[in-house]
Amino acid sequence: RFGPGGGPFGGGPGEFLAPPLVRAADADRDTKLSRAEFADTFKRWFNQWDTDQSGLLDEAKLTAGLREALPPPEFDGPRGPPLGPPPPEAPGVEPRDDRRREPGGPDRRARPIGRRPGDGGPISVVAQRFLKAADTSQDRMLSRDELARASEKWFAEWDIDRSGSLDLRKVAEGFNKLIGPPPGFGP
């Protein structure tokens with residue numbers, strides 16, 4: 001069943017962000033996240049992303065960490081045939097890689113879809129919204145405690161049926177509420 005946004009979870013960023021989070025956090029592989037699994041994942045990520053051991057994550061560290069932890073989906077992956085080299089009868093045509101591309105800038109090189117030169121790509125929007133939601137001190141930095149409190153709050157809000165666990169649907173819907181539509185989309 002597909003939701004109003006076009007995907008099984010209603011579309012939105014949660015559709016793409018939830019699967020890698022659930023895969024990363026689901027220690028017992030039951031396809032549901034317990035409160036402890038959810039909290040432990042954010043604690044582990046904080047430790048990995050705090051590369052200078054300052055005890056704080058700025059937007060750049062958060063963006064880099066989220067980019068690694070929540071990679072973009074591979075649209076031509078398991079659900080479709082991989083893009084390969086052109087047939088032999090097409091001499092002089094460069095082989096395509098497995099990522100969608102859009103035309104590049106003046107140097108004519110292609111770049112991944114959704115990224116403009118100089119920006120952090122779509123995951124930078126996610127990082128900005130995470131930061132805004134979790135930064136209770138309003139200093140544009142996340143402390144270990146702020147991220148821990150935010151993950152506790154998110155778990156409680158996303159566990160809408162109070163079952164004590166989050167499945168893929170709850171995580172996707174939670175991300176959609178937390179992050180909202182990308183700039184220029186939606187109401």
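The figures that follow rest on heavy atoms only: side chains count, while hydrogens, waters and symmetry mates do not. We number each residue from 1, following the sequence as shown.
No side-chain donor-acceptor contact under 3.5 Å links Asp40 to the backbone of Arg44. With hydrogens and angles disregarded, no donor-acceptor distance shorter than 3.5 Å links the side chain of Arg67 to the backbone of Leu62. Side-chain atoms of Arg162 come within 3.5 Å of backbone atoms of Ala156 as a donor-acceptor pair (strictly under, hydrogens ignored). The closest donor-acceptor contact from the side chain of Glu146 to the backbone of Ser137 lies under 3.5 Å.
Under the 4.0 Å criterion applied to side-chain N and carboxylate O atoms, Arg35 and Asp159 are not assigned as salt-bridge partners.
Closest of all the heavy-atom pairs between Ala24 and Thr41 is O-OG1, 4.3 Å. Closest approach of Ala18 to Val171, counting heavy atoms only: CB-CG1, 3.6 Å. Pro13 and Gly180 get closest at one heavy-atom pair: CG-O, 3.4 Å. Here the shortest heavy-atom pairing between Glu37 and Lys32 reads OE1-O, 3.1 Å. When all heavy atoms of Ala150 and Ala134 are compared, the closest pair comes out as CB-CB, 3.5 Å. Of all heavy-atom pairs spanning Leu66 and Val126, the tightest one is CD1-CG1, 4.1 Å.
Defined by atom type and a distance below 3.5 Å, a donor-acceptor pair is present between the side-chain atoms of Ser163 and Asp161.
Within 6.0 Å of atom CD in Glu157, more than 12 heavy atoms from other residues, nucleotides or ligands are found, so the atom counts as buried in its surroundings. Enclosure of atom CZ in Arg149 by more than 12 non-hydrogen atoms of other residues, nucleotides or ligands within 6.0 angstrom is indicated.
The closest side-chain heavy-atom distance from Leu21 to Leu70 is below 4.5 Å. You'll find the side chain of Lys61 reaches within 4.5 Å of the side chain of Ser54, heavy atoms only. Put simply, the side chain of Thr31 does not reach to within 4.5 Å of the side chain of Asp167, judged on heavy atoms. Side-chain contact between Phe175 and Phe16 is absent, with no heavy atoms from C-beta onward closer than 4.5 Å.
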Assess the residue pair Leu131 and Leu142 against the criterion (side-chain contact (heavy atoms from CB on, under 4.5 Å)); give the C-alpha distance rounded to whole Å, side-chain angles, the decisive distance to 0.1 Å, and a yes or no. CA-CA 7 Å; Leu131 189 59; Leu142 282 184; 3.6 Å; yes

side-chain contact (heavy atoms from CB on, under 4.5 Å) between Ile123 and Thr63: does it pass, once the steps are laid out? CA-CA 6 Å; Ile123 203 71; Thr63 300; 3.9 Å; yes

Check the pair Asp135, Phe130 against side-chain contact (heavy atoms from CB on, under 4.5 Å), reporting the backbone distance first and the verdict last. CA-CA 8 Å; Asp135 180 21; Phe130 260 56; over 6 Å; no

Between Leu178 and Asn176, is the side-chain contact (heavy atoms from CB on, under 4.5 Å) condition met? List the steps. CA-CA 6 Å; Leu178 176 67; Asn176 287 342; over 6 Å; no

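To the nearest 0.5 angstrom, Lys153 atom NZ is 10.0 Å from Thr136 atom OG1. From Lys43, atom NZ reaches atom CD of Gln48 across 14.5 Å, with rounding to the nearest 0.5 Å. Atom-to-atom distance recorded for Glu59:CD and Gln128:CD is 4.5 Å, nearest 0.5 angstrom.
Between Phe38 and the options Trp154, Phe155, Trp45, a ring pair (Phe, Tyr, Trp, His ring centres under 6.0 Å) holds for only Phe155.
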